[in-house]
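This report refers to the structure that appears directly beneath it.
In this chain, numbering begins with 1 at the start of the sequence shown.
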Amino acid sequence: MRALEKGYGRKPALIGSGASIGFVKPFADAMGVPCLLTGVEDPGCAAHSADESLHLGDWRKSMRSAVHLYDELARLGRAGLRG
């Protein structure tokens, strides 16, 4: 949540949409850490349609968020991820 807020400059909206991705749980189990999936889209992007698009500004904000997230995770270390 902190990383998304830093990247986008506002609090993230948790809307709980999406479908299941079959490999996520087995991957998380194999790695021994939880998986986090975030979506970079808005209703106008037409996700998974023939004319899908992504606003370049949103993509840049998502990359900034990822950098902040990786920084926070690195500071926790592997033991911190499990606790």
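Closest heavy-atom contact between S53 and G44: OG-O, 4.3 Å. Pairing each heavy atom of D51 with each of A46, the nearest pair is OD1-CB, 3.7 Å. Listed here is the closest heavy atom pair of P12 and M1: CG-CE, 3.6 Å.
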Only pairs under 3.5 Å count here: list side-chain donor-acceptor contacts from residues 33-40, not counting sequence neighbours, and write none if there are none.
none

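In the hydrophobic cluster analysis, where Ile, Leu, Val, Met, Phe, Trp and Tyr join through side-chain heavy atoms closer than 4.5 angstrom, L54 is grouped together with M63.
Contacts of D58 classified as salt bridge (Lys or Arg N to Asp or Glu O under 4.0 Å), with partners at least two apart in sequence or in another chain: none.
Contact check for L4 versus S65: side-chain heavy atoms found under the 4.5 Å cut-off.
Atom SG of C45 sits about 12.0 Å away from atom NE2 of H55, to the nearest 0.5 Å.
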Item to check | R2 vs E72, salt bridge (Lys or Arg N to Asp or Glu O under 4.0 Å): CA-CA, chis, key distance, verdict | outcome: CA-CA 9 Å; R2 286 189 302 269; E72 288 204 28; 2.6 Å; yes

